[in-house]
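What follows is a short report on a single structure.
All heavy atoms count here, side chains included; hydrogens, waters and symmetry mates do not. Each chain gets a letter, A, B and so on, in the order its sequence line appears, and its residues count up from 1.
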There are 2 protein chains.
Amino acid sequence: MSNRREDGAAGVTEADAGGGAQGGGLTGGPAGGPAGGPAGVSAGDAHLAHRVPELGALQLLLAVARLGSLGRAAAELGISQPAASSRVRAMERQLGVGLVERSPRGSRLTDAGVLVTDWARRVVEAAEAFDAGAQALRDRRDSRLRVAASMTVAEYLLPGWLIALRRERPDTAVSLLSGNSAAVVERLLADEADLGFVEGLTAPRGLRGAVVARDRLVVVVGPDHPWARRRTPLAPAELAATALILREEGSGTREVLDAALAEHGGLAAPLLELTSTTALKAAVASGAGPAVLSELAVAEELAAHRLIQIPVEGVDLRRALRAVWRSGQRPTGPGRDLLSLTRRVQ
Amino acid sequence: MSNRREDGAAGVTEADAGGGAQGGGLTGGPAGGPAGGPAGVSAGDAHLAHRVPELGALQLLLAVARLGSLGRAAAELGISQPAASSRVRAMERQLGVGLVERSPRGSRLTDAGVLVTDWARRVVEAAEAFDAGAQALRDRRDSRLRVAASMTVAEYLLPGWLIALRRERPDTAVSLLSGNSAAVVERLLADEADLGFVEGLTAPRGLRGAVVARDRLVVVVGPDHPWARRRTPLAPAELAATALILREEGSGTREVLDAALAEHGGLAAPLLELTSTTALKAAVASGAGPAVLSELAVAEELAAHRLIQIPVEGVDLRRALRAVWRSGQRPTGPGRDLLSLTRRVQ
DNA sequence: ATGAGGGCATAAGCTGGAGTTATGAGCAAC
DNA sequence: GTTGCTCATAACTCCAGCTTATGCCCTCAT
């Protein structure tokens, strides 16, 4: 962990965070999702931004790791070498840990740097998803592919698709309209969109479509709810008889749930009605009661055990996710590319 | 989407991105992980940081969404109300989309704002994990709980635990040492750490421990690899006979794999040996060949289909993740808190 | 040996973004 | 009408980060 810096004040180079090189990694954890996800963003530390380097710095760190040189990393990001040097040093001072081992032959990450870089990668990946989505939201009219997607698809799936699409067809400009399924259908019929994505039990009338994925609704409760300690699956009638926290009337999730429980007595009067999935999850997590949500919407919370999934027996809560288009307007060009992507990248 | 702003130049307030309120969300997707994850960070767009608002702005947006007022959000982040106002406006200009509907009675998110805020939440959550990890890396000697963890635990699991711990015991300062399993054991025996986390088949000699989770090694290939189209599970002998991309000798993953395949003829000579999990995943994704990695390390890549998991029959590739401590030094106080967390938050 | 080249650090100067305080305007409820 | 909440604008300040210019150190090749 030698470091050429000799000045007193500046660099706190504690660097090495452990024994050997990262050779002996044995790893552990449960099956399924990306465990250990961060807890929810509630009130949260106000000064997070002061303790986490900004995106440019994190990207720079990734570039240094990949290219093995501050100078080359600087070039890739389009800044000067001294700027890169100073940014990395600022980051090291901010974190209180040496990240990069400089040598006249280049730069390598320290052990701590490897760890920090891995955490940084997650932030940058989230930022890329943000960017992909936001860009589609901006490029409104003048884009080659106009996509209309339901809220949840737009939120959870589309950014990943767009990144993959950009990787294969960098010149494709995509614009995104998002609303409920009815709005998606409307946009397609009005020729304001080329390709739509909706969820539901059946394909919308007047449109052609293809199932690109499946989804399931799950019953979730907060960790302190009595159900969280249940061992036996929930009976449909029991679910139907329970007051749930629900999205407002007209929500697709609620519709599907209604249909599934119709033969078991129908939904009980709701315990609470909320308008956003986020608010709903927060209410459930804080113990207000059980809710039924898309698996997709609660994957992170389940992995971090902020929410507990309760198995239900004897009810089919699966739904299809469909790509849809106007009859006779089977997608070509960029639309076809995106469509084929959705079959590979879920 | 009324907006009080009247000046010409400044605000591009395209705002609304869809039909109705976000009521009709029907949702879809496959089982398992957080699908639709972003693609890997390779060369990446240089100017990502110019297109994505910085963390403080994203946090501000979340606060506005939660509190319903720019002023209150500003107060929570410890900045003045005009600063918040200007930041949000800058963000709207940057993204080219109206995010917040201002009114004399407060502020609400627009439809597009809801979407953007959800994407922003992911970035902020990743940043919180970064912060939790980095803080533990810094607070070296003077902390109340000194944790030693193997590289992979430190990378994938610990940040989540630390966030949860901070939630319950805000005053607990944790320091993190990370290295291979041997180094972790060494630190514990030298009384330089209070609690350790290692993966492996058996508990280390001289230490007490408890299994806190389980993990599995999985065989993965790039999407273009012939195996990706396979329908039948891999036979152990077939896996053993195949040249794989592996971590260097001494890696825990390699050790476990070696043990599991011993009775099937032992590992073939490696196709390639790499020193970091990241480099390994990149090599596999680009089609260099198959590799065996912790489920934990490839969860995101599997979800985004950048890597394909190949089932293997007849070999047990599971491992235990253990918390360990010195005999007679059963963790108390903060250590006990963390330990009990690991059983709930995976 | 000795010079060329790559890599990083330092120094000095500039610029712009983001913050601050002070103030005004719109709307609601009392 | 007045009080109180909201947000917007204006003028000013200041610091963070960039750039260019330069120097040192090390390695490698001649």
Side-chain angles (χ1 to χ4, degrees), chain A residues 2-11 13 46-47 49-61 63-65 67-94 98-110 113, chain B residues 2-11 13 46-47 49-50 52-61 63-64 67-94 98-110 113:
Chain A
S2 80
N3 193 310
R4 259 200 305 161
R5 210 182 314 111
E6 273 134 5
D7 58 326
T13 316
H47 302 291
H50 293 158
R51 291 194 309 264
V52 177
E54 61 174 309
L55 277 170
L58 298 181
Q59 255 188 307
L60 176 61
L61 187 61
V64 171
L67 301 174
S69 146
L70 288 181
R72 274 197 293 276
E76 181 172 288
L77 297 194
I79 62 177
S80 68
Q81 172 266 318
S85 180
S86 123
R87 273 196 105 136
V88 170
R89 202 157 352 106
M91 199 165 19
E92 288 177 320
R93 207 182 33 187
Q94 182 180 23
L99 302 173
V100 170
E101 203 172 335
R102 290 108 168 137
S103 90
R105 256 191 347 284
S107 295
R108 277 175 44 82
L109 293 181
T110 64
Chain B
S2 82
N3 193 309
R4 256 198 310 161
R5 208 182 315 111
E6 275 134 7
D7 57 324
T13 315
H47 302 293
H50 293 159
V52 178
E54 62 175 305
L55 277 171
L58 298 181
Q59 256 189 305
L60 176 61
L61 187 61
V64 171
L67 301 174
S69 146
L70 287 183
R72 273 198 294 278
E76 180 173 287
L77 297 193
I79 61 177
S80 67
Q81 172 266 319
S85 178
S86 124
R87 273 198 106 141
V88 170
R89 200 158 353 106
M91 198 160 27
E92 289 176 321
R93 207 183 31 186
Q94 181 181 23
L99 302 173
V100 170
E101 204 171 334
R102 293 115 171 125
S103 91
R105 257 193 344 287
S107 296
R108 280 176 42 83
L109 293 180
T110 63

Rounded distance (Å) that lies between atom P of D:dC15 and atom NE2 of A:His50: 14 Å
Rounded distance in Å - CZ (B:Arg102) to C1' (C:dA25): 16 Å
pair A:Leu109-A:Glu101: side-chain heavy atoms closer than 4.5 Å: no
Euclidean distance, atom CZ of residue A:Arg105 to atom P of D:dT27 [Å, nearest integer]: 6 Å
Rounded distance in Å - CG (B:Leu70) to C1' (D:dC7): 7 Å
Euclidean distance, atom CZ of residue B:Arg89 to atom P of C:dG19 [Å, nearest integer]: 12 Å
Nucleic acid footprint by protein, nucleotides 16-21 of chain D - heavy-atom cut-off 4.0 Å, B for base, S for sugar-phosphate alone: --SBBB
Candidates A:Met91, A:Arg108, A:Glu92, A:Arg89 - the one meeting side-chain contact (heavy atoms from CB on, under 4.5 Å) with A:Val100: A:Glu92
Protein-nucleotide distance (A:Glu101, atom CD; C:dG7, atom P), rounded to Å: 17 Å
B:Arg102 (side chain) donor-acceptor with B:Ser107 (main chain) under 3.5 angstrom: no
Integer-rounded Å distance: C:dA18 P and B:Leu77 CG: 15 Å
Which nucleotide in C:dC8, D:dA8, C:dG26 has an atom nearest any side-chain atom of B:Pro104: C:dG26
Intra- and inter-strand pairs of DNA chain D in dot-bracket (Watson-Crick or G-U wobble, both distances under 3.5 Å; | for another strand): ||||||||||||||||||||||||||||||
